[in-house]
Amino acid sequence: MGDKNDLVESWVESQRKITVSDCCLDNERCSFLEEHNHQLPQRQDSVSLESEVHLFPLTETKLYKRRWLMLLIFCLYSMSNSFMWLQYSIISNIFMHFYSINSLAIDWLSMIYFLTYIPFILPVTWMLDKRGLREILLVGSAFNCIGAWIKTGTADPHMFPMTFFGQFVCSVATVYLLGIPSRLASLWFGPKEVSTACSIGVLGNQLGIAIGFLVPPILVPNVMDKDVLAHHIRVMFYITAGIATLLFVLVVLVFQEKPDLPPSQAQAQARNLHLDEYSYTASILRLLQNKPFMFLVVSYGLNVGCFYAVSTLLNRIIIEHFPGEEVNAGRIGLTLVIAGMVGSLICGIWLDKTKTYKQTTLAVYILTFCGMLVFAFTLSLGHLWLVFVTAGVLGFFMTGYLPLGFEFAVELTFPESEGTSSGLLNCSAQIFGIIFTISQGKIIDKWGTLAGNIFLGVNLLIGTAITALIKADLRRLKANIQNPVQTVSPAGSVSSSLQDYGATTCSAFWKRPKNKHLTSKTPHSTEEVEEFLPPESSNQEFLRR
């Protein structure tokens, strides 16, 4: 018996040495743990670094250079679709004259994007989970291309119903792209760049909005002759259709579902999950019962809904104070969105560096509210240059908020699919977008632009209060800090690192280890060794060896 105990003690000592060797963290990761340790609740049943390293098999991970090409293709497709969203509303007075329709009909050419999203988002997110990223982008880019070609035949004063139908087809394509940035970033990008990649994915949509503000007033001048107008409108539609076709071909020929090797250990674990063990309906129900996430859904909808209303009605807001300035209205919109693109990128980089999700989201929300008030109260001063400045400040924070919402949602809902959480966020944004666009339009018609903008400011104040109530339960961050794993570099060398950050899922709730006896202690007895060993090995078999 003494020999057996000596053998056990020898085995325990060897395991200690291996564990300590495997789990050595470099200075950077140690400081990362210390920095975020105060955010993480201490659990008595948590698994220590020493024992957790044995729970995951070593998997080769690699970052491919072509991940940037995948991101670029998505950004271009998103840009094309969002351009078509605004190509009517930014020159709404011209299209009202051309089609002989009222302002509400023009507004619906933009709001159809919001309305279409609501019933289609759940089926599309289900498809994203079941069929994958490539098929979703193929279908979405096909709708985008078809809708653009339908509109090429509508440059006629009597073709408003057909142009509305073409816009509806393009709006279906939107459902296939709004929830993609966070999913694409997780599938292709490593832990130190996932938030930045998500921000760049959002930039594609914002760039299309910026071009939608800038180009239509240049291509379609404000002239009374409808034949001349028809020619200019036709040119704009054909350019749009040609670009949409090129992007569809690019998606078909170049875009890939995912890299051959995963970018992170967590993505490697996600690839081993069995789809038949995943319930989409159960995932939706869990999200609806997640109180911090539902607070975020409402606050995100309020913020982005205000952005949609401002973007749709910007032409009317500017023309009321500066008649005949259609081109400058587009430039003001361009300034708003370009500033927002800078804000999005900065916020994404900031999140990758600090992981301060709630603090950053709340700060940006407060500054968005302040920017809305400044924009509202300076419009009537009559200084066009001042409108450019205030619109830029508003856009920096209002559209800079978009990637913050996506990434904060992934943190609050881990290990649920990013596509599902992003889809619910966008669904809320579309609902509030319809409500705010119609409401602000009616308020502007009756009481003027100041009242309409104050209406949006009040809703942003409500959203700020709701954001302050969100409990920052950073589940993904906890999982990655508490679950360090070994990784294998492409060259084959083994290194010890934290669980790679920013993947779709880690050790998901349906695949957690079943051995509940694992604790933070190293085994010190024969019985503890038996529990520590794999199930198929018994203590006696081990001792016999």
Side-chain angles (χ1 to χ4, degrees), residues 79-113 147-167 170 206-244 310-338 379 382-385 387-388 391-392 395 437 441 444-445 449:
M79 177 193 71
S80 169
N81 184 261
S82 57
F83 168 81
M84 287 188 278
W85 168 48
L86 281 178
Q87 66 182 163
Y88 295 97
S89 61
I90 194 57
I91 49 175
S92 57
N93 57 323
I94 296 176
F95 276 106
M96 286 167 60
H97 165 66
F98 183 72
Y99 288 120
S100 299
I101 54 177
N102 58 26
S103 59
L104 184 60
I106 284 292
D107 290 344
W108 269 111
L109 285 170
S110 295
M111 290 190 294
I112 188 62
Y113 269 60
W149 280 104
I150 290 174
K151 289 192 288 187
T152 58
T154 64
D156 184 280
H158 305 291
M159 295 293 289
F160 178 75
M162 185 58 68
T163 203
F164 188 88
F165 175 71
Q167 189 74 341
C170 292
Q206 295 177 357
L207 181 60
I209 295 173
I211 298 173
F213 279 128
L214 179 65
V215 173
I218 297 174
L219 293 180
V220 184
N222 188 4
V223 296
M224 297 305 296
D225 191 332
K226 290 190 176 183
D227 291 334
V228 176
L229 269 181
H231 169 72
H232 290 292
I233 291 172
R234 190 177 296 110
V235 169
M236 180 176 68
F237 285 161
Y238 270 105
I239 292 174
T240 305
I243 294 174
V310 170
S311 300
T312 302
L313 301 173
L314 186 62
N315 177 268
R316 293 170 61 185
I317 293 172
I318 301 301
I319 294 300
E320 180 174 320
H321 293 278
F322 304 95
E325 294 287 354
E326 291 87 1
V327 174
N328 274 322
R331 291 171 180 168
I332 290 170
L334 175 67
T335 302
L336 186 148
V337 178
I338 292 295
L379 268 174
H383 301 298
L384 196 59
W385 66 268
V387 179
F388 275 93
T437 301
I444 289 175
D445 291 338
T449 57

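Positions are given from 1 along the sequence. Atoms considered below: every heavy atom in the structure, side chains included; atoms not considered: hydrogens, waters and symmetry mates.
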Is there side-chain contact between [X] and [Y], with heavy atoms separated by less than 4.5 Å?
X: T449; Y: H321; result: yes
X: Q167; Y: W108; result: no
X: M162; Y: F165; result: yes
X: N328; Y: I318; result: no
X: P216; Y: F83; result: yes

Problem - Candidate pair L336 and V310, rule side chain to side chain contact (heavy atoms under 4.5 Å, CB included), full reasoning - result: CA-CA 10 Å; L336 186 148; V310 170; 4.2 Å; yes
Problem - W149 and Y238 aromatic ring geometry - parallel, tilted or perpendicular at 30°/60° bounds - result: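 Answer is perpendicular, since the angle exceeds 60°.
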Determine the minimum heavy-atom distance between [X] and [Y], stating which atoms define it.
X: I106; Y: S89; result: CG2-CA, 4.3 Å
X: A155; Y: R234; result: O-NH2, 3.5 Å
X: G330; Y: P217; result: CA-CG, 4.3 Å
X: A148; Y: C170; result: N-SG, 3.7 Å
X: I209; Y: S82; result: N-OG, 3.5 Å
X: I150; Y: G166; result: CG2-CA, 3.7 Å

Problem - Name of the residue among I233, L86, I218, V220 meeting side-chain contact (heavy atoms from CB on, under 4.5 Å) with I91 - result: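 So the option named by the test is V220.
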Practice task
Give me the one residue out of I94, L109, D107 that meets side-chain contact (heavy atoms from CB on, under 4.5 Å) with Y88.
Solution key: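 Output: one option passes, namely L109.
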Practice task
Take T240 and K151, measure what side chain to side chain contact (heavy atoms under 4.5 Å, CB included) needs, and give me the verdict at the end.
Solution key: CA-CA 9 Å; T240 305; K151 289 192 288 187; 5.8 Å; no
Practice task
Test side chain to side chain contact (heavy atoms under 4.5 Å, CB included) on I101 and F95 and set out the steps.
Solution key: CA-CA 8 Å; I101 54 177; F95 276 106; 5.6 Å; no
Exercise for the section: May I ask you to decide if A105's main-chain N or O and N102's side chain share a donor-acceptor pair within less than 3.5 Å? Expected result: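 Confirmed, N102 side chain pairs with A105 backbone.
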Practice task
Kindly say whether V215 contributes a backbone atom to a donor-acceptor pair with the side chain of Q87 at under 3.5 angstrom?
Solution key: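 Side chain of Q87 to backbone of V215, a donor-acceptor pair under 3.5 Å: no, none is there.
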Practice task
Using ring pair (Phe, Tyr, Trp, His ring centres under 6.0 Å) as the criterion, list what pairs up with F160, not counting sequence neighbours.
Solution key: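 Counting only residues at least two positions away or on another chain, F160 forms a ring pair (Phe, Tyr, Trp, His ring centres under 6.0 Å) with Y99.
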Measure the [atom1]-[atom2] distance between [X] and [Y] for me, rounded to the nearest 0.5 Å.
X: I211; Y: I338; atom1: CD1; atom2: CD1; result: 8.5 Å
X: L314; Y: I90; atom1: CG; atom2: CD1; result: 5.0 Å
X: I332; Y: L379; atom1: CD1; atom2: CG; result: 8.0 Å

Handout entry: Pair N315, S92: side-chain N/O donor-acceptor within cut-off below 3.5 Å
Key =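 A pair is found: one side chain offers a donor N or O, the other an acceptor, under 3.5 Å apart.
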Would you give me the side-chain donor-acceptor pairs under 3.5 Å for residues 224-232, sequence neighbours excluded?
residue	atom	partner	partner atom	Å
D225	OD1	D227	N	2.9
K226	NZ	H97	O	3.3
K226	NZ	S100	OG	3.2
H232	ND1	L219	O	3.3

Practice task
Apply side chain to side chain contact (heavy atoms under 4.5 Å, CB included) to S311 and F213, showing your working.
Solution key: CA-CA 9 Å; S311 300; F213 279 128; 3.9 Å; yes
Exercise for the section: Report the residues that fulfil salt bridge (Lys or Arg N to Asp or Glu O under 4.0 Å) with D156, sequence neighbours left out, ordered by chain and then residue number. Expected result: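 Here no residue qualifies.
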